[in-house]
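Shown next, in structure tokens, is the structure this report addresses.
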Amino acid sequence: MPTTPQTWLITGCSSGFGEFFVRQLRAQGDNVIATGRNAATKLAHLKDTGASILDLDVAAPVPEIEAKMAEAWGLYPNGTDVVVNNAGYILSGVFEELTSRKSREQDMLACFKTNFHGPLNITRALLPRLRAKGKGTMLFMSSQAGFHADANATGYVATKHALEGAVECRSKELAIFAPDIKVLLVEPSYFRTRAFGNINRVPQHITLYAEFNKAVFDAVTSAVAKEPGTRTRRSRS
Ligand SMILES: NC(=O)c1ccc[n+]([C@@H]2O[C@H](COP(=O)([O-])OP(=O)(O)OC[C@H]3O[C@@H](n4cnc5c(N)ncnc54)[C@H](OP(=O)(O)O)[C@@H]3O)[C@@H](O)[C@H]2O)c1
């Protein structure tokens, strides 16, 4: 375990795991670069943690991501030690409704931009710097959806499966070419963040699936704020 403070760059810090990581890491004295969309407003609540705040949409075009990573790297004398690719969202809908209309392809592409290409673009931008430094850790928030498939979850499951494949390949390459750069995949189950209250649902339009979609919607809606993977402050004491 490192004894000197580490510098962490975390994506998607407006809520959920990202916000929790920022608070926890700052409490233990590490440096944190908390990033998020519309950071001036959405990350304002993190200012008093002492984290550096950086505006970052992980789905932004590559040149923008590269410029942001250069900016982030310059914020602390030793660049960044740990990169946490946390930003992501759930896209819900049966396969046929997600793909049967041209516009629906856009939902899949948008989800891939955030959950898959975003983390890879960030990795590509930071890897040369980490290799020059000789060490570092890259963490990727996948999901149980990275190894398990559910009906009505094609979009999300596809992005997390793809992410896991790419990250595992990268990990094996780094084991050969830069063994002191570590790669971690995290596969949470159901945690009480904003994720399930904030699902992006493809609009219902094929009658065959109407009843099934409603059942999924009702099941998810009734589970929001009851996800088992979070202990409240009260249950901890
Ligand atoms: N909660 C769970 O049970 C669970 C289970 C498995 C995996 N995960 C994964 O955990 C990660 C964090 O999710 P969470 O559970 O903490 O949910 P959350 O509270 O909804 O947080 C998601 C974060 O991602 C950000 N985000 C979404 N799209 C973005 C983009 N294009 N650029 C930058 N930030 C973006 C959101 O920012 P905005 O406020 O701007 O939308 C928010 O800060 C996700 O990758 C999710 O797939 C969660």
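Counting convention: from 1, in listed order, for ligands and their atoms alike.
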(request) Answer yes or no: is there a donor N or O on one side and an acceptor on the other, between the side chain of R192 and the main chain of E227, under 3.5 Å? (result) yes

(message) With a 4.0 Å heavy-atom cut-off, what residues sit around ligand 1?
(response) G12, C13, S14, S15, G16, F17, R37, K42, L56, D57, V58, A59, N86, A87, G88, T114, M141, S142, S143, Y156, K160, P188, S189, Y190, F191, T193, R194, A195, F196

(request) Mind jotting down which residue pairs meet the ring-ring contact (aromatic ring centres under 6.0 Å, His included) criterion with at least one end in residues 109-146? Sequence neighbours excluded, please. (result) F112-F116

Donor-acceptor contacts, no H, no angles, side chain residues 172-185, under 3.5 Å, sequence neighbours left out:
unit_1, atom_1, unit_2, atom_2, d
E173, OE1, R170, NE, 2.8
E173, OE1, R170, NH2, 2.7
K182, NZ, P179, O, 3.0

(request) Go through the side-chain N and O atoms of E97 and Y209 and say whether any donor and acceptor fall under 3.5 Å apart. (result) no

(message) Listing request: all salt bridge (Lys or Arg N to Asp or Glu O under 4.0 Å) pairs with a residue in residues 206-222, at least two apart in sequence or in separate chains.
(response) K214-D218

(request) Taking atom OH of Y190 as the centre, report whether more than 12 heavy atoms of other residues, nucleotides or ligands fall under 6.0 Å from it. (result) no

